Amino acid sequence: MTVSSQLPPLRFQPARDSAFRRELRERADAYLAQSATHRFADWRMHAKAIALTGLAALLYLLALNAGTTLGFVACYVASVVTAMVLAMNSLHDGAHSAMFRRGSLNRLLTRLVSLPVGVDMDFWTIRHVHFHHTYANVEGYDLDTEPNPFLRQTPYQRWSPQYRYQYLYWPVVAALSLPYLNWYGDWLDRFGKTPVAVHSKLQGWRGWAVFLGWKLGHVALVLAVPIWVVQGHGIGWGTVLGAYLLGQMIASCALVALILGTHWAEVDFFQPGDDGTMPHDWYQHTFYTACDWTPKPRALRWLGYWLGGLNLHLTHHLFPTWNHRHYPALARIIAELAPRHGLTYREIGYLQLHASQQQFLKAMGQPPASL
């Protein structure tokens, strides 16, 4: 079941009078004022994006000039993975209008950074911002937890025998997620086979022109140019294609493994009534459906910096339009305020996140008692 005209609009309880919402916004605004800053990226975030762009470009050029197959594959795959790290640190914030004050600059950034990754940014932004962020873990509304033959992600979805083993094979699904989105999911969206396309501002021939132009640009950058250049070094097109798939799969698996568990680890899932009404407000819903995690021991805290703050996922959902440079400070504010308002803030380590994720997948893989 997907979000469509057949489903009623989802309605959370009003949060206008929420004491938590009011105090959270006051504290966040006070933090900005005290720091004499704004919610967007600063020069340090821009410098990080430029450095990652330079590194990805350098690795790409080294791959094109590699004299051996091993050297080409190593540099090429490293370039693809670095491009994904760049996307996590800039594209994601840009999609939430959190990199620049000007919307046009955010849109340009996301388009350019998405080119080596391959996803169509128009459709991805709709899926991520408008569906996932608004309806996290709500059956039929959150497109990230749609029913599929490989993963059973909510207790409201039909069970099949293969789900018994999903806790074992989920890394393969995670690795194939990015290639699937690039070469199947985006095309379903473009052909209007999903709820995404109707929300796009790029309709008709203009939408098709932009879509095909960026897909062809992606193919030219990551496949056509490397195949044309490295054939002179005795490296065949099959090696280039294999390196492309390997790089996409490693980047995809790493991203999903580090992020998806934040919506699986000891969280709740919801199926609204026939009228689409939820029993709580959106702020409460965010605490019920996400958590933060931090690298432990402290010597690994640098990892959160390169994850673009996405490990602080609950914080990100509460402040999606704030640049990730603010997440550590905002997380401390959330941790202080939540208990006062009867909300449970969870900040766990990655090992606990992984263990809870595995436990969740095992539980969802068992047949319901009614079978």
Side-chain angles (χ1 to χ4, degrees), residues 12-49 88-103 105-106 109-110 125 128-137 259 262-263 265 267-268 278 280-295 301-348:
F12 291 97
Q13 297 300 311
R16 290 187 298 272
D17 298 326
S18 166
F20 172 75
R21 173 184 178 273
R22 184 168 56 253
E23 189 171 2
L24 180 64
R25 292 298 166 179
E26 290 174 354
R27 288 288 300 276
D29 290 342
Y31 154 73
L32 282 185
Q34 184 177 5
S35 304
T37 188
H38 47 73
R39 65 177 176 85
F40 305 98
D42 62 2
W43 69 269
R44 296 176 182 84
M45 296 296 103
H46 296 155
K48 178 165 66 166
M88 294 166 63
N89 282 272
S90 62
L91 179 151
H92 181 254
D93 277 335
H96 285 284
S97 301
M99 278 295 287
F100 301 102
R101 294 177 185 270
R102 293 177 57 184
L105 290 180
N106 285 310
L109 171 72
T110 59
T125 300
H128 180 71
V129 177
H130 298 290
F131 284 106
H132 171 64
H133 265 263
T134 306
Y135 310 121
N137 286 15
I259 303 304
T262 57
H263 290 291
V267 297
D268 294 323
M278 298 292 287
H280 47 255
D281 66 44
W282 182 85
Y283 287 85
Q284 294 169 321
H285 183 82
T286 302
F287 279 88
Y288 299 154
T289 57
C291 70
D292 285 349
W293 72 269
T294 53
R301 288 297 172 94
W302 57 267
L303 180 61
Y305 175 81
W306 294 109
L307 290 175
L310 290 177
N311 56 303
L312 298 177
H313 213 67
L314 167 64
T315 300
H316 165 60
H317 269 254
L318 288 173
F319 290 92
T321 60
W322 289 51
N323 186 265
H324 70 271
R325 69 187 177 101
H326 297 297
Y327 291 175
L330 292 172
R332 290 191 291 270
I333 293 173
I334 295 167
E336 178 187 341
L337 295 182
R340 301 181 190 174
H341 299 275
L343 298 169
T344 301
Y345 171 74
R346 291 183 302 122
E347 182 186 24
I348 59 180

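This is a predicted model, so every value here is computed, not measured. Scope of the values below: all heavy atoms of this structure, side chains included, with no hydrogens, waters or symmetry mates. Counting from 1, the numbers follow the sequence of the chain as shown.
- In terms of modelled atom types and a separation under 3.5 Å, the side chain of H341 and the main chain of L343 share no donor-acceptor contact.
- R346 forms no cation-pi arrangement with F287, by the criterion of a distance under 6.0 Å to the ring centre and an angle within 45° of the ring axis.
- In terms of modelled atom types and a separation under 3.5 Å, the side chain of R39 and the main chain of T321 share a donor-acceptor contact.
- Considering all non-hydrogen atoms of both residues, N106 and S97 come closest at ND2-CA, 3.5 Å.
- Looking at residues two or more places apart in sequence or on another chain, you find a ring-ring contact (aromatic ring centres under 6.0 Å, His included) between Y31 and H326.
- Evaluation of the salt bridge (charged side-chain N to carboxylate O under 4.0 Å, His left out) rule for R27 yields E336 as partners, not counting sequence neighbours.
- For H280, the ring-ring contact (aromatic ring centres under 6.0 Å, His included) test picks out F270, H285, Y288, with sequence neighbours left out.
- Heavy-atom minimum distance, W293 versus L303: CH2-CD2, 4.4 Å.
- Partners of H46 under the side chain to side chain donor-acceptor pair (under 3.5 Å) rule, at least two apart in sequence or in another chain, do not exist in this structure.
- Residues that satisfy the side-chain contact (heavy atoms from CB on, under 4.5 Å) test with S90, not counting sequence neighbours, are A49, L86, M99, L109, V113.
- Closest non-hydrogen pair, L314 versus Y345, comes out as CD2-CD1, 3.4 Å.
- Shown here for I348 and C291, the closest heavy-atom pair between the two residues is CD1-SG, 4.1 Å.
- The side-chain contact (heavy atoms from CB on, under 4.5 Å) check on A33 picks up nothing, with sequence neighbours excluded.
- For E26, the side chain to side chain donor-acceptor pair (under 3.5 Å) criterion is met by no residue, not counting sequence neighbours.
- For the ring pair (Phe, Tyr, Trp, His ring centres under 6.0 Å) with H96, the qualifying choice from H133, H132, H324 is H133, the only one to do so.
- When every heavy atom of L91 is checked against every heavy atom of T110, the shortest pair comes out as O-CG2, 3.5 Å.
- By the side chain to side chain donor-acceptor pair (under 3.5 Å) test, H130 is found to be paired with no residue, residues two or more places apart in sequence or in another chain being considered.
- Between F319 and W322, the ring-plane angle classifies as perpendicular under the 30° and 60° cut-offs.
- Just one of T286, L312, D292, T315 meets the side-chain contact (heavy atoms from CB on, under 4.5 Å) condition when paired with I334; it is T315.
- In this structure, the separation between CG on L105 and CZ on F40 is 11.0 Å, given to the nearest 0.5 Å.
- By the 4.5 Å heavy-atom criterion applied to side chains, L24 and I333 are counted as neighbours.
- The heavy-atom pair separating Y327 from G309 by the smallest distance is CD1-O, 3.3 Å.
- Sorted by first and then second residue, the salt bridge (charged side-chain N to carboxylate O under 4.0 Å, His left out) pairs involving residues 307-334 (not counting sequence neighbours) are D42-R325.
- Interatomic distance, CD of Q284 versus OG1 of T344, reported as 11.5 Å (0.5 Å rounding).
- By the side-chain contact (heavy atoms from CB on, under 4.5 Å) test, A15 is found to be paired with S18, R21, D281, Y283, residues two or more places apart in sequence or in another chain being considered.
- Under the ring-ring contact (aromatic ring centres under 6.0 Å, His included) criterion, H313 pairs with H263, H316, H317, not counting sequence neighbours.
- Residues forming a side chain to side chain donor-acceptor pair (under 3.5 Å) with N89 (at least two apart in sequence, or on another chain): K48.
- Taking CG from N311 and OH from Y305, the interatomic distance works out to 13.5 Å, rounded to the nearest 0.5 Å.
- Atom CD1 of I259 is separated from atom CE of M88 by 5.0 Å, given to the nearest 0.5 angstrom.
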